[in-house]
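Just so you know, these numbers come straight off a predicted model, no measurement behind them. A note on names: the letters A, B, ... follow the listed sequences, proteins ahead of strands, and every chain is numbered from 1.
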There are 2 protein chains.
Amino acid sequence: MARLAGVSAITVSRALNTPQKVNEATRNAVLKAVEDTGYIPNRLAGSLASNRSRTVGVIVPTVTNSIFADKIKGLSDVLSEAGYQILLGQSGYSPEVEAELVSALLAQSPSGLVITGSAHALRTHTLLGRADIPVVETWTNAEAPVDMQVGFSNEDAAFAAVAHLAAGGYRSLALVVAPMVHNDRALGRKRGFDRGLAHFGLRQTLPPIEAEFSLRNGADALARVIEAQPQTDAIFFANDVLAAGALLECRRRNVAVPDRIGIIGFDDLEIASEMVPRLTTVAVPRYDIGANAARMLLRRLAGETIQPKLTLDFEVVARESTRRTCGDRV
Amino acid sequence: MARLAGVSAITVSRALNTPQKVNEATRNAVLKAVEDTGYIPNRLAGSLASNRSRTVGVIVPTVTNSIFADKIKGLSDVLSEAGYQILLGQSGYSPEVEAELVSALLAQSPSGLVITGSAHALRTHTLLGRADIPVVETWTNAEAPVDMQVGFSNEDAAFAAVAHLAAGGYRSLALVVAPMVHNDRALGRKRGFDRGLAHFGLRQTLPPIEAEFSLRNGADALARVIEAQPQTDAIFFANDVLAAGALLECRRRNVAVPDRIGIIGFDDLEIASEMVPRLTTVAVPRYDIGANAARMLLRRLAGETIQPKLTLDFEVVARESTRRTCGDRV
DNA sequence: CTGTTAGCGCGTTCAC
DNA sequence: GTGAACGCGCTAACAG
C-alpha cells in the first residue's frame, strides 16, 4: 500500500481528504507516493467507514428521451464538479420498476436520490421515508413533495399553450399527449389543456390521443385527427418530437400550417426552431431542472436549510406553426 | 438488524444471495423478516467484503447525443436484468476528463468498465492496465483493443456511404463531420471518405467541415458548401442530425434534393426515415453495441473465455435524399 | 445446512 | 500535526 511509500497510515487518508490538516512536507511526500504507486483509494471502504458515499442515485423513465438526457447533463455537470458520482437507473415509466430501482440504489447508500415525477408506487414512498437521505423529485410541481422538488407546473404550461392557440383564433382543438397512466407530467398537461378549453370557450374535437414520443407517432396522430375530425383547426402536442412528426406529415399531405391547422409543441427542443415551418412550442428548463436538483442536493448535504420547492419558469415561444393574432375566422 | 428477526447472522446473507444453499424453511423465515423490517442489505459492505460490486462504470462523451443514449439503454437493459448498477460518467469528448472519470469510477471498484472509442489519454491506459477488471471499448474497431471491444468499422461504413454516392452518379463531394480531435470514430469516417474518394475517382470540393452535432450546424454547413463550392453535388454528413439540419436548410433555400445535391447521413436515427425527403443514411447498431458490451462483460465476469473483439454490421439505407442509379450527368 | 471467526480498506475517536 | 485502536456491515473460509 501507499502507506509504506510514505511513513504513515492514516495520514494518507488525511492528506487526501483534508489536506489542510496535514503538514505540507508530509502531505507532499504522501502525494508523491500516491502518484508513484498509482494508488487509488477504495471509496467503498471509505463510504462504509464514514457513511457518506459521494454518490447520487438518478432515476429517469429513459435516457433515450432527450429531455431526460438534458436533465442528466445538468445533474452530471454540477455533481461531478463536487466530486460526486451518478448511479443511473431507468424505470421505463413503470412505478414498479421505479420502486425496484429505488431499492437497488438505496442499497448502494447514495448520498441522495433524484427521481422523476411525483407519482410513485406505495413501496417507493415507504422506502424513501425510511431512507434518511435527501430526495429530489423533478419535472413536477406537486403540492406535497416527498422531500425536495424542482420543476414547473405542467398544467399551467399546457394552459399557456392553449391560451396561445386561443389568441391565434383557433377554436377546435385536439390533444396528443404521452400515455398518461403513471405519468403525472402528461396528466398535468392534459389538465391544463382541459382548463384552457373551458376558460377560452374552445371545443375539443376528439378524445386525447395518447402516443409515446416519436416522429412516426406524431405523424400518425396528425393523420388520425385530420381524417376523423377535419374541422379541427389546431393541435397541441405535449412534446416536440410528436409535433415535429406531425409537421412532417403535414408537408407530405400538403396541409397548410398554420392556416389550415395550427401546431404547437412542448419542450423547445432544437428541432422546434429548425423545422419548416418553425414550431411554436413551450420552452421548459430541461437542463436547469437537473442542475438545480443537484445544487439543492449539495446544499442540503452541506447542512444548509433550503426552500424545498423550486418552481422554474416556462415560456411559450411563438413561431411559425401557429397564427399569432386572430385570423378572419372568428 | 434483520438477523434478530430470524435466528442467524450470515444465513441472511446466504438466503438473499444464494437461496439454494439454504433450507427452504429458514429461507422463508429470513425472507419474511426481511419483508417485515424492510431490510435493505448494504451493498457497500458486501462489495468490500466480497470484492465484487455488481456495478459497471460507463463513460460516454455525452448522454445528450442520442446514439449514446441508445447504447446506455442497451447496457442498462441487460445489466439491470443481471442485477448490476450503472455508474455513469460523461467525458465531453475530452481525453483528460475521461481519464479523471476512469480514476473516479475505479475508486468505486466497479466489476467492469464500458468506455467509448479507442483513443485515450496515456493515463487512462495506465489506469486500465493496473485495474484488474474487464474493460469494453465501444463504437470502435481498433486493431488492438485495451481488453474487449464491440463496434463496427467506421472507416468501412463511411466508405460504403461514398460508394453509394458514387453509384448514384455523384462526382463532387463534400464531407461534414464531428470535430476529429480525440474522436477516433469521426477520424475513421473521414478516412473511409478519403478512401472512397480515391477508389471511385471522385473529387472533394472543399476541406472537411468539422461541426458538433446539431441541426443548426448541419444547416450552416450546407449553406457554406453551396455558397463556397456550388459545383458540389453531394455531401456526406457523418451523423444524421447534421444531415437533417442540412435537409431542412435545402428546403428553406429551395435546393432540390437529391437532384441538385445528394445528402447522405450516418446513424439511421428515426429522423432519417421521417424527413422529407427521407434521408439516405448508414444504419449502425447503436442499441446492440450497448447490449453486447454488457453481455460480453457478464460472460467474462462469469469466467467464460470469449472472443474479445465483436464487429457488428452496418448497412447503407438508400432513401430519397440520394439518387439510386447514375443520372444523365456522368 | 448452519454458525464461527476473521478481515475487506478505510474513517472515526481519542490519545500523544 | 500524527498515530493506535476500533468498527462500518457484510462475506470468505472453515468448522460443525
Shorter than 3.5 Å, N or O on both sides, protein versus nucleotides 4-7 of chain C: list them out with atom names.
none

OP1 or OP2 of [N] less than 4.0 angstrom from a side-chain nitrogen or oxygen of [X], does that happen here?
| X | N | result |
| --- | --- | --- |
| B/N42 | D/dC8 | no |
| B/Y39 | D/dG9 | no |
| A/T26 | D/dG1 | no |
| A/R52 | C/dT12 | yes |
| B/N17 | D/dT11 | yes |
| B/T11 | C/dG3 | yes |

Per B/S13 side chain, nearest of listed nucleotides D/dT11, D/dG9, D/dT2: D/dT11
Selection from D/dC10, D/dT2, D/dC8 that lies nearest to any side-chain heavy atom of A/N23: D/dT2
Which atom of A/T311 lies closest to which atom of A/F152, heavy atoms considered: CG2-CA, 4.2 Å
Along DNA chain C (nearest heavy atom to each residue), the more 5'-positioned of A/G46 and B/E24: B/E24
Residue closer to the 5' end of DNA chain C, B/R27 versus B/A45 (nearest nucleotide): B/R27
What pairs meet the salt bridge (charged side-chain N to carboxylate O under 4.0 Å, His left out) rule with one or both residues in [range], with sequence neighbours excluded?
| range | result |
| --- | --- |
| residues 79-88 of chain A | none |
| residues 53-70 of chain B | B/D70-B/R286 |
| residues 94-106 of chain A | A/E100-A/R123 |
| residues 25-45 of chain A | A/K32-A/D36 |

Could you state the [atom1]-[atom2] distance from [X] to [N], rounded to the nearest angstrom?
| X | N | atom1 | atom2 | result |
| --- | --- | --- | --- | --- |
| A/Q20 | D/dT2 | CD | C1' | 15 Å |
| B/R43 | C/dC8 | CZ | C1' | 17 Å |
| B/K21 | D/dA13 | NZ | P | 10 Å |
| B/N51 | D/dA13 | CG | P | 11 Å |
| B/L44 | C/dG11 | CG | P | 13 Å |
| A/N28 | D/dG1 | CG | P | 14 Å |
| A/L16 | C/dG11 | CG | P | 8 Å |
| B/L48 | D/dT11 | CG | C1' | 10 Å |

CA sep, side-chain torsions, deciding dist, call: A/S53, A/S47, side-chain hydrogen bond (donor to acceptor under 3.5 Å, both in side chains): CA-CA 5 Å; A/S53 72; A/S47 302; 5.1 Å; no
Heavy-atom check, side chain of A/Y84 versus side chain of A/S111, under 4.5 Å: yes
Partner residues of B/D313 under the salt bridge (charged side-chain N to carboxylate O under 4.0 Å, His left out) criterion, sequence neighbours left out: none
